[in-house]
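See below for the structure under consideration.
Position 1 is the first residue of the sequence, and the numbers go up from there. Heavy atoms only: backbone and side chains are in, while hydrogens, waters and symmetry mates are out.
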Amino acid sequence: QVQLVESGGGLVQAGGSLRLSCAASGGTFSSYAMGWFRLVPGKEREFVAAISWGGGSTYYADSVKGRFTISRRIAKNTVYLQMNSLKPEDTAVYYCAADRTQPTGSTWYPRDYWGQGTQVTVSS
């Protein structure tokens, strides 16, 4: 059974950093694009970042560009989201996702697999 499991969320002060991890199991994800989305209650799920299957292309939402970095270790079926200079408006549940469709920008929307989410809370 394919699973995506996020970890690394928590509570941090504004200006701090967190690194989220997403471990994929039950399949081989070397041919999948992977990415991160976030959800705030009362709002639509928002694209955060995506990375192509080979890791050679990355895409970011304007709101996180220059602060967040997505990367992946193909051999470990893991994708990471390094979040620096965090702001209170980054507070959300962060979801990892994977899809065979390669991203071309912030309109990428994966349908194959989603994780359960990890809470990130940034205090002011």
Would you mind reporting whether [Y] and [X] have side-chain heavy atoms less than 4.5 Å apart?
X: Met83; Y: Val64; value: no
X: Pro110; Y: Arg100; value: no
X: Ile70; Y: Val79; value: yes
X: Gln102; Y: Thr104; value: no
X: Leu4; Y: Gln116; value: no

Would you say the side-chain atoms of [X] pair up with the backbone N or O of [Y], donor to acceptor, closer than 3.5 Å?
X: Thr91; Y: Val122; result: yes
X: Asp99; Y: Asp112; result: yes
X: Glu6; Y: Cys96; result: yes
X: Arg45; Y: Arg38; result: no
X: Arg72; Y: Ser52; result: yes
X: Trp108; Y: Gly35; result: no

Linking I/L/V/M/F/W/Y whenever any side-chain heavy atoms sit under 4.5 Å apart, do Val12 and Phe68 land together?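 They do share one cluster, since a chain of ILVMFWY contacts under 4.5 Å joins Val12 to Phe68.
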If hydrophobic clusters are built by linking Ile, Leu, Val, Met, Phe, Trp and Tyr wherever their side-chain heavy atoms come under 4.5 Å apart, do Tyr95 and Ile51 end up in the same one?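 As far as the 4.5 Å side-chain criterion goes, Ile51 and Tyr95 are not connected within one cluster.
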Least distance between heavy atoms, [X] atom then [Y] atom:
X: Gln119; Y: Ala92; result: NE2-O, 3.4 Å
X: Ser85; Y: Arg67; result: O-NH1, 3.0 Å
X: Gly9; Y: Val120; result: CA-CG2, 4.1 Å
X: Gly26; Y: Val2; result: O-CG2, 3.6 Å
X: Ala49; Y: Leu81; result: CB-CD1, 4.1 Å

Those residues that, when tested against Asn84, pass side-chain hydrogen bond (donor to acceptor under 3.5 Å, both in side chains) (two or more places apart):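 With neighbours one apart ignored, the set is Ser17, Gln82.
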I'd like to check the side-chain hydrogen bond (donor to acceptor under 3.5 Å, both in side chains) partners of Lys43; sequence neighbours left out, ordered by chain and number.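 None.
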A cation-pi test, strictly: NZ or CZ of Arg73 under 6.0 Å from the centre of the six-membered ring of Tyr80 and no more than 45 degrees from its axis. Yes or no?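 Judged by the rule, Arg73 and Tyr80 form no cation-pi pair.
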Would Gln13 and Ser124 count as a side-chain contact (heavy atoms from CB on, under 4.5 Å) if you check the C-alpha gap in whole Å, the side-chain angles of each, and the deciding distance to 0.1 Å? CA-CA 6 Å; Gln13 287 189 328; Ser124 56; over 6 Å; no
Tell me the ring-ring contact (aromatic ring centres under 6.0 Å, His included) pairs involving residues 14-66, sequence neighbours left out?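 Only Phe29-Tyr32, Phe29-Tyr113, Tyr32-Tyr113, Phe37-Phe47, Phe37-Tyr109, Phe37-Trp114 qualify under ring-ring contact (aromatic ring centres under 6.0 Å, His included).
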Pairing of Asp90 and Lys87 as salt bridge, 4.0 angstrom limit: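 Answer for the salt bridge query: no.
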